[in-house]
Amino acid sequence: MAVLVTGGLGYIGSHTCVELMNSGNEVIVVDNLYNCKKSSYDRIKALVGKDFKFYECDIRDAEGMSAIFEKESIDSVIHFAGLKAVGESVEKPLEYFDNNVNGTLVLLDVMRKHGCKKIVFSSSATVYGMNNISPLTENMEVGGVTNPYGRTKYMIECILKDLYVSDESWSICLLRYFNPIGAHKSGTMGEDPNGIPNNLMPYITQVAIGKREHLNVFGDDYDTHDGTGVRDYIHVVDLALGHLKAVKKVEAEKGLFIYNLGTGTGYSVLDVVKAFEKASGQSVPYVIAPRRAGDIATCYSDPSKALNELDWKAERGIDEMCEDSWRWQSQNPNGYPD
Ligand code: NAD
Ligand code: UFG
């Protein structure tokens, strides 16, 4: 029986596929290649040393998805496929609701029709909104999100909760990621954003390699130790390993489970810049810029529920995250080949 990984050629999906296969799971990937390159498939294959099935298909294509479920023996699904750029979601809300919410509805319906009722979903710390105080725990009220992307995550969480209420034979795990950074140790897989990066780490690595002049630090007047925003950065391989535990959970038990995947430690923007400079030996010039709309001062997890119930905890620290991000960027200055 296989794990179907939607969005499995993307940043987090590719790292998760490697860890799944390295620990003996059969993996089938579905991706529409909207935000990744096909060469990501070759890099995964090279790392695990064996072939695996890949379907180029959009999760909104009910017929295409049904054909995959008919052909393959799929036991559970890890659902990464979606659009993820906060700013873009403000410009293109319909595309975000269609891809993320409608895409998930189609996927769930196809799963149900084929008797596959085990799913791990990529949610986000963004569902905690602006008002909860860190450390964030899973029992806090969610909602109050400020952009369409965040609302799609919140809406999908609601859909999955309602689905479980209607049919307790489902096994559903909502994973709320904090800020994934870092890359595979080999330097062959990492984050490959299109155009100007929105997120901090890819922006820093592009400054370090000379593609961008300087980093804009969005605000230095927050109520944090140095005035810059504090986040819970988590190594993408630790995040991937969290999915292995979550798949085990949904395979073993029926229920609706929610876990934070973070380290529990917050670092400011300037902490990350310093850690990166130390790890890479490169300098990262920066200028203080105005605050970015929608940002909060501080966001970090309480990751103890995942430790207690999944026996998972992040093992890799900020130095390793920076070293691995730099190795990926410096070995692949233009990201994945076409
Ligand atoms: P990514 O863009 O690298 O990967 C997503 C993959 O899904 C891409 O390969 C893309 O081509 C594919 N895809 C998109 N829409 C599709 C569709 N309709 N059908 C089939 N494939 C489709 O993103 P990522 O960083 O790996 O994120 C994975 C998931 O985790 C997303 O759902 C994202 O919202 C969520 N998440 C990411 C972060 C983060 O900071 N990276 C934080 C919290 C949650
Ligand atoms: N930042 C800068 N300059 C930049 C980019 C970011 O100063 O060029 C700052 C931000 O203001 C923030 C911190 O760096 O204080 C982190 O910003 P990111 O954009 O990397 O990450 P966010 O915390 O804003 O959001 C990310 C994802 C969201 C997800 C959220 C929680 O982009 O999709 O983590 O998981 F919802």
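Predicted model only: the values in this text are computed from it and were never measured. Order of listing sets the numbers, starting from 1, for every ligand and every atom in it.
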Could you go step by step and tell me if Tyr154 and Ile159 meet the side-chain contact (heavy atoms from CB on, under 4.5 Å) rule? CA-CA 9 Å; Tyr154 173 65; Ile159 289 167; over 6 Å; no

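Atoms of ligand 2 lying under 4.0 Å from at least one heavy atom of Gly229, given by number and element, are 15 (O). Close contacts between ligand 1 and Ser122 involve ligand atoms 29 (C), 30 (O), 32 (O), 35 (C) [criterion: under 4.0 Å to a heavy atom]. The contact set between ligand 2 and Val217, taken as ligand atoms under 4.0 Å from a residue heavy atom, comprises 7 (O). Close contacts between ligand 1 and Leu33 involve ligand atoms 11 (O) [criterion: under 4.0 Å to a heavy atom]. Within ligand 1, the atoms closer than 4.0 Å to a non-hydrogen atom of Ser123 are 43 (C), 44 (C), numbered from 1 in the order shown. Under a 4.0 Å criterion applied to the non-hydrogen atoms of Ala125, ligand 2 contributes the atoms 31 (C), 35 (O). Below 4.0 Å from some heavy atom of Tyr149 lie the following atoms of ligand 1, by number and element: 33 (C), 34 (O), 35 (C), 36 (N), 43 (C), 44 (C).
Ring to ring, Phe121 and His79 are close: their centroids are under 6.0 angstrom apart. Checked against the 6.0 Å centroid threshold, Tyr11 and Phe80 do not count as a close aromatic pair.
Residue contacts with ligand 1, taken as heavy atom pairs separated by less than 4.0 Å, involve Cys57 solely via the backbone atoms N, CA, C and O. Heavy atoms from both the backbone and the side chain of Asn199 come within less than 4.0 Å of ligand 2. The parts of Asp58 lying near ligand 1 are both backbone and side chain, judged by heavy-atom distances below 4.0 Å. Contacts with ligand 2 closer than 4.0 Å are made by side-chain heavy atoms of Tyr149 only, the backbone lying farther away. The part of Asn216 lying near ligand 2 is the backbone, judged by heavy-atom distances below 4.0 Å. Counting heavy atoms closer than 4.0 Å to ligand 1, residue Glu191 contributes nothing at all. Residue-level proximity to ligand 2 for Asn198 is carried by the backbone, the only part with a heavy atom below 4.0 angstrom. At a heavy-atom cutoff of 4.0 Å, ligand 1 is contacted by no atom of Thr6, backbone or side chain.
Assignment of Lys153 to the shell around ligand 1 is supported, since a heavy atom sits closer than 4.0 Å.
Under the 4.0 Å criterion applied to side-chain N and carboxylate O atoms, Glu191 and Lys84 are assigned as salt-bridge partners.
Of the options Arg176, Lys305, Glu309, Glu138, a side-chain hydrogen bond (donor to acceptor under 3.5 Å, both in side chains) to Tyr259 is made by Glu309 and by none of the others. A side-chain hydrogen bond (donor to acceptor under 3.5 Å, both in side chains) with Thr263 is found for one member of Asp238, Asp232, Asn179 and no other, namely Asp232.
In this structure, the protein non-hydrogen atom closest to atom 24 (O) of ligand 2 is Arg292 NH2, 2.9 Å. Tyr233 OH, 3.5 Å is the protein heavy atom nearest to atom 13 (C) of ligand 2. Looking only at heavy atoms of the protein, atom 29 (C) of ligand 2 is closest to Ser124 OG, 3.4 Å. The shortest contact between atom 12 (C) of ligand 2 and any protein heavy atom is with Arg231 NH2, 3.8 Å. Protein heavy atom closest to atom 5 (C) of ligand 1, with residue, atom name and distance, is Gly82 O, 4.0 Å. Among protein heavy atoms, atom 9 (C) of ligand 2 sits closest to Val269 CG2, 3.6 Å. Nearest non-hydrogen protein atom to atom 4 (C) of ligand 2 is Phe218 CE1, 3.3 Å. Atom 3 (O) of ligand 1 has as its closest protein heavy atom Tyr11 N, 2.8 Å. Ranking protein heavy atoms by distance to atom 20 (O) of ligand 2, first place goes to Leu200 N, 2.8 Å.
The shortest N/O to N/O separation between Ser124 and ligand 1 does not fall below 3.5 Å. Checked by distance only, ligand 1 and Pro180 stay at 3.5 Å or farther apart across all their nitrogen or oxygen atoms. The shortest N/O to N/O separation between Asn32 and ligand 1 falls below 3.5 Å. Taking only nitrogen or oxygen atoms, main chain and side chain alike, Gly7 does not reach within less than 3.5 Å of ligand 1. Residue Phe80 places at least one N or O, backbone or side chain, under 3.5 Å from an N or O of ligand 1.
Using a 30° and 60° split on the angle between ring planes, Phe276 and Trp326 fall in the perpendicular class, above 60°. Classified by interplanar angle (parallel below 30°, tilted 30° to 60°, perpendicular above 60°), the ring pair Tyr96/Tyr149 is perpendicular.
Considering each of Asp295, Asn147, Asn179, Thr126, the one bringing a non-hydrogen atom nearest atom 10 (C) of ligand 2 is Asp295.
In this structure, Arg43 fails the cation-pi test against Tyr336, since its NZ or CZ atom is not both closer than 6.0 Å to the six-membered ring centre and inside 45 degrees of the ring normal.
Nearest heavy-atom pair across Trp328 and Ala183 is CB-CB, 3.6 Å.
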